[in-house]
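Bear in mind the structure is a predicted one, so any value in this text is a computation, not a measurement.
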Amino acid sequence: MVSTLGVAVVGFGWMGRVHTQAYARLPHHYPDLALRPELVTVAEEVPGRAEQAAAQFGFASATRDWREVAADPRVRAVSITAPNFLHREIGVAMAEAGKHIWIEKPVGLTAGDARAVAAAVAAAGVQGAVGFNYRNAPAVETARELIATGELGTVTHARIRLFSDYAAHPEGALTWRYERERGGSGVLGDLASHGADLARFLLGDIAALTADTAIFVPERARPTGATAGHSRATGGALGPVENEDYVNCLLRFASGARGVLEACRVSVGEQNNYGFEVHGTRGAVFWDFRRMNELAISRGTAYQDQPVSTVYVGPGQGEFAAFQPGAANAMGYDDLKVVEAYRFLRSIAEGTPYGATLPDAVRSAAVLDAMARSAGSGAWVAVDAAG
């Protein structure tokens, strides 16, 4: 028997749209899911944006005040896709109101923010999902299985990269994203948070690290009106970029493996170049987000001159079968968010967490905090495995 679940979206920029579309697609890809999402309300403080979203996507109501969502008895689950500096306040309030939450990373500006939301979710007995979408790629889940089953031998070292050009243009508007108070640690929260989660998902806890950061575009123009996404601005007064454009980090895993995590938001010529390379004593596995449904795998007993094969994931791996009937039929970014929505609603239906959770967000945030401390001191910093 299928029941309806009243859902709301708080914050309707690009990511709010992605969450909304994921809810709408769930019945098509997961017809046996016990819960059917019903779009109850959307909250967005920019004038007119919530009403436009309601008209386009079929929300029953719209508001500029997210507090009305917390008080709405029709709403049982909430997507929190507002800017980072609002994550803690909204996340805690929604959990305390008894709402299940699907919140975007990095869940606030610090590990303390993530811990506060995680504690509120645990105290309320609700489910909490986090938007670490790259771990949902069937190829990434397959790579994790290869590593866990020892197909590559003992993992020796890995490299994780997240390079993008979304902030490369010098006319990129000086939005909240570039302010320390509202945007936190810049590229650390934006991109390296995904890298920290992928590192843990694949290889286990990070024990210690040392990091270096830089700001390469030191000034930007202030926008003169409402912005969305990565807007450009010209003519406005220039202001300082307060947080990091770039981070490079050496990792020591609890397993003894070594790693490199590098992220940059101003990499000209790099369009979402995200991926990893994991090397073991008998083999290696490589993944590139831009070829999301492929893995390059080297395994065997040759060691030297051992070949690398391209493997296409298919219906037997991860959630691929919910989207495509055969290997090498491509899945895309938005599909990963449908997987995330499915696991969120399944968690609610069964009372058991599936997918990335608030404890995962806490551990990722602890890695980011350690990066910031290390960049400031120039020293190796221990990472709290418990977050």
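Atom OG1 in T4 sits 8.0 Å away from atom CZ in R76 (nearest 0.5 Å). In this structure, CG on L26 lies 10.5 Å from CG on L5, to the nearest 0.5 angstrom. A distance of 10.0 Å separates OH of Y134 from CE of M292, quoted to the nearest 0.5 Å. Atoms CZ and CG, from F253 and L203 in turn, are 4.5 Å apart once rounded to the nearest 0.5 Å. D288 CG to N273 CG: the interatomic distance, rounded to the nearest 0.5 Å, is 5.5 Å.
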Ring pair (Phe, Tyr, Trp, His ring centres under 6.0 Å) between H279 and F286, worked out: CA-CA 9 Å; H279 296 265; F286 311 88; 5.6 Å; yes
Would D360 and V130 count as a side-chain contact (heavy atoms from CB on, under 4.5 Å) here? Give the steps. CA-CA 8 Å; D360 292 313; V130 180; 5.9 Å; no
When you look at R135 and D197, which way does the side-chain contact (heavy atoms from CB on, under 4.5 Å) test go after all the steps? CA-CA 8 Å; R135 62 156 63 190; D197 181 68; 2.8 Å; yes
Could you check L191 against S164 for side-chain contact (heavy atoms from CB on, under 4.5 Å), going step by step and ending with a plain yes or no? CA-CA 9 Å; L191 295 180; S164 185; 4.2 Å; yes
Is there a side-chain contact (heavy atoms from CB on, under 4.5 Å) between T81 and E44 once you walk through the steps? CA-CA 10 Å; T81 55; E44 169 57 60; over 6 Å; no
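Looking at D369 and R373, their side chains come closer than 4.5 Å, going by heavy atoms from C-beta outward. Considering only heavy atoms from C-beta on, R265 stays 4.5 Å or farther from E270 through its side chain. Between E151 and V285 there is no side-chain heavy-atom pair separated by less than 4.5 Å. The shortest distance between side-chain heavy atoms of N136 and Y342 does not fall below 4.5 Å. Within the 4.5 Å cutoff, the side chain of V7 has no heavy atoms near those of the H19 side chain. Put simply, the side chain of W66 reaches to within 4.5 Å of the side chain of E89, judged on heavy atoms. The shortest side-chain heavy-atom distance between S267 and Y246 does not fall under the 4.5 Å cut-off. Side-chain contact check for F289 versus F276: every heavy-atom pair is 4.5 Å or farther apart.
In summary, of the residues considered (V308, T310, T142), a side chain to side chain contact (heavy atoms under 4.5 Å, CB included) with L295 occurs for T142 alone. Here the rule is side chain to side chain contact (heavy atoms under 4.5 Å, CB included) with V383, and of I206, D205, L251, L368 only I206 fits it.
Using a 4.5 Å cut-off between side-chain heavy atoms of Ile, Leu, Val, Met, Phe, Trp and Tyr, with links allowed through other members, M15 and V9 fall into the same hydrophobic cluster. At a threshold of 4.5 Å between side-chain heavy atoms, the hydrophobic network of Ile, Leu, Val, Met, Phe, Trp and Tyr places Y354 and F320 in two separate groups. In terms of hydrophobic clustering, with Ile, Leu, Val, Met, Phe, Trp and Tyr side chains grouped at heavy-atom distances under 4.5 Å, Y23 and W14 are assigned to a common cluster. In the hydrophobic clustering of ILVMFWY residues, with side-chain heavy atoms under 4.5 Å counting as a link, W380 and L261 come out apart. In the hydrophobic cluster analysis, where Ile, Leu, Val, Met, Phe, Trp and Tyr join through side-chain heavy atoms closer than 4.5 angstrom, V313 is grouped together with L202.
Using modelled atom types, no side-chain atom of S364 and backbone atom of A196 make a donor-acceptor pair closer than 3.5 Å. Side-chain atoms of T156 do not come within 3.5 Å of backbone N or O of A257 as any donor-acceptor pair. Side chain of D245 to main chain of V217: a donor-acceptor pair is present (N/O by atom type, distance under 3.5 Å, no hydrogens or angles). D113 places no side-chain N or O within donor-acceptor distance of the main-chain N or O of R88, the cut-off being under 3.5 Å. A donor-acceptor pair under 3.5 Å is absent between the side-chain atoms of T213 and the main chain of V247, judged by distance alone. Put simply, the side chain of E242 gets close to the backbone of R180: a donor and an acceptor are under 3.5 Å apart. Counting only distance, with no hydrogens or angles, the side chain of H194 and the backbone of F132 share no donor-acceptor pair below 3.5 Å. No donor-acceptor pair closer than 3.5 Å links the side chain of E141 to the backbone N or O of Q317. In this structure, the side chain of N243 engages the main chain of G184 through a donor-acceptor pair within 3.5 Å. Remark: the backbone N or O of M331 is paired with a side-chain donor or acceptor of N293 at under 3.5 angstrom.
In the displayed structure, R282 atom CZ is contacted under 6.0 Å by more than 12 heavy atoms of other residues, nucleotides or ligands. Counting heavy-atom neighbours within 6.0 Å of Q52 CD, excluding the residue itself, gives a total of 12 or less. Other residues, nucleotides and ligands place no more than 12 heavy atoms under 6.0 Å from the CD atom of E45.
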Quick one: side chains of residues 90-103, donor-acceptor pairs under 3.5 Å with protein atoms, not counting sequence neighbours, listed by atom name and distance.
unit_1, atom_1, unit_2, atom_2, d
K99, NZ, D72, O, 2.6
K99, NZ, V75, O, 2.8
H100, ND1, Q127, N, 2.9
W102, NE1, E340, OE1, 2.9

Without placing hydrogens or testing angles, list every side-chain donor-acceptor pair under 3.5 Å for residues 35-42, not counting sequence neighbours.
unit_1, atom_1, unit_2, atom_2, d
T41, OG1, S61, O, 3.3
T41, OG1, S61, OG, 3.1

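With no hydrogens or angles considered, a side-chain donor-acceptor pair links S298 and Q306 at under 3.5 Å. The closest side-chain donor-acceptor pair between N272 and R290, if any, does not fall under 3.5 angstrom.
A perpendicular orientation is assigned to the rings of F12 and F59, their planes being inclined by more than 60° (bins at 30° and 60°).
F201 and W287 have their aromatic ring centers separated by at least 6.0 angstrom. Between H28 and F323, the ring center distance fails the sub-6.0 Å criterion.
Between R25 and D334, no side-chain nitrogen of the basic residue sits less than 4.0 Å from a carboxylate oxygen of the acidic one, so the salt-bridge criterion is not met. A salt bridge is defined here as a Lys NZ or Arg NE, NH1 or NH2 lying under 4.0 Å from an Asp or Glu carboxylate O, and D190 with R177 meets this definition. The pair R346-D32 does not count as a salt bridge, with every side-chain nitrogen at least 4.0 angstrom from each carboxylate oxygen.
Residues passing the salt bridge (Lys or Arg N to Asp or Glu O under 4.0 Å) test with R220: none are found, sequence neighbours excluded.
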